[in-house]
Amino acid sequence: MTRPPPELRFPRDLLAADSLTAARALLGARLVRAGDATERRRRVGRIVEVEAYIGPDDRASHARMGPTPRNRVMFGPPGLAYVYLVYGMHHCLNVVTEADGRPAALLIRAVEPEDGLDAMRAGRGRPTIADHRLASGPGCVGAAFGVDRSFTGMDLCDPVSPLRLASAPDDEPAPVIVTGPRIGIAYAGEPWSSRPWRLAVSGSPSLSRRLP
DNA sequence: CTAATGATGTCCT
DNA sequence: GGACATCATTAGA
């Protein structure tokens, strides 16, 4: 019997780079939630929208107040997950970037569902939602992939992790990337609120909002 | 200890 | 376009 093509490991080096470079590498890559032997089906999607939160001086970043119990993992090595709860209900998944000691992360804002759509739909609790909307927003990604704060610290570059990254297939064209200001951070003030640190795959139907 | 608030999503008008 | 659900986290008393 045939098996799907092997997934390509996502190199940690790409995440150790500066965060905007890392963001461009992450767009088009896959987010994979492992299935299990009993009932949970594997979930896979293509990452199409991210936001960068860069360094200790970024007033929109959780790292702005220095290391705390919540954000501590942002100060550690690249490739680990940072998951936080917003508005008391939505779990948001970040990938830690840059060198150990420098706080930075990429918020995964949208994913195009590829496999395990029924499991994603169950996670969302919205039986009639359109396929392309299953993970179109940071809270939607968390719900669709069954991610919560207990995933913080998980190594997303380890192929054995229950939640991990995988590179796009070699024959897949590199995506065209568009940028704009980050969403929902007006409180940070200028210049942070205008920095074009939201990056997305142009033309994806799964973006959380349109991006010109 | 108390109080304010948020890297959002959904339903309403 | 606007209301609001709902709680971990943080700052401050």
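Per chain, numbering begins at 1; letters A, B, ... match sequence-line order.
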Do the side chains of Arg12(A) and Asp155(A) get close enough for a salt bridge, i.e. N-O under 4.0 angstrom? yes

Could you tell me whether Arg30(A) and Glu112(A) make a salt bridge, using a distance below 4.0 angstrom between a side-chain N and a carboxylate O? no

Closest non-hydrogen atoms of Thr97(A) and Ala22(A), given as atom of the first, atom of the second and distance, are CG2-CB, 4.0 Å

Taking all heavy atoms of Ala52(A) and all of Ser19(A), pick out the closest pair and write down the distance. CB-CB, 4.3 Å

Search all heavy atoms of Asn71(A) against all heavy atoms of Gly66(A) and return the closest pair with its distance. ND2-O, 2.9 Å

Would you check if the side chain of Arg102(A) reaches a backbone N or O of Phe75(A) as a donor-acceptor pair within less than 3.5 Å? no

Are Ser136(A) and Ser208(A) close enough that a side-chain donor and a side-chain acceptor fall under 3.5 Å? no

At what distance, to the nearest 0.5 angstrom, does CG of Leu14(A) lie from OG1 of Thr21(A)? 10.0 Å

On a heavy-atom basis, the closest approach of Arg210(A) and Arg198(A) is O-NH1, 3.6 Å

For the residue pair Arg42(A) and Val32(A), establish whether any side-chain heavy-atom pair is separated by less than 4.5 Å. yes

Give, ordered by number, those residues of residues 181-197 of chain A having at least one heavy-atom distance below 4.0 Å to an atom of DNA chain C; if nothing qualifies, reply none. none

Each base of DNA chain C marked ( ) or [ ] if paired in-strand (Watson-Crick or G-U under 3.5 Å), | if paired to another strand and . if unpaired gives |||||.||||||.

Does NZ or CZ of Arg70(A) fall inside the cone over Tyr82(A)'s six-membered ring, less than 6.0 Å from its centre and within 45° of the axis? no

Whole angstrom is fine here: how far is it from CZ in Arg59(A) over to P in dA7(B)? 13 Å

Find every protein N or O atom lying less than 3.5 Å from an N or O atom of nucleotides 1-5 of chain B, and list the pairs.
none

Which atom pair, heavy atoms only, marks the closest approach of Leu199(A) to Ala23(A)? CD1-CB, 4.0 Å

Any residue of residues 74-96 of chain A with a heavy atom less than 4.0 Å from an atom of DNA chain C: Leu85(A), Tyr87(A), Gly88(A), Met89(A)

Could you check whether Thr68(A) gets within reach of a base, just the sugar-phosphate, or nothing at all, counting any heavy atom under 4.0 Å? sugar-phosphate

Go through it in stages, so that I can follow the logic: the residues are His62(A) and Tyr53(A), the test is ring-ring contact (aromatic ring centres under 6.0 Å, His included), and I'd like the CA-CA distance, side-chain angles, deciding distance and then a yes or no. CA-CA 8 Å; His62(A) 289 170; Tyr53(A) 291 84; 7.4 Å; no

Polar pairs (N or O, both sides) under 3.5 Å between protein and nucleotides 10-13 of chain B?
from: dT10(B); atom 1: OP1; to: Arg124(A); atom 2: NH2; distance (Å): 2.3

List the atom of Arg121(A), the atom of Ile129(A), and the distance in Å for their closest heavy-atom pair. NH2-O, 2.8 Å

Span of DNA chain C engaged by chain A, first through last nucleotide within the 4.0 Å heavy-atom cut-off, is dA5(C) to dA11(C)

Do other residues, nucleotides or ligands put more than 12 heavy atoms under 6.0 Å from the CZ atom of Arg124(A)? yes

Taking 4.0 angstrom as the limit, do Arg182(A) and Glu51(A) come out as a salt bridge? no

Do the charged groups of Arg43(A) and Asp115(A) touch, with an N to O distance under 4.0 Å? no

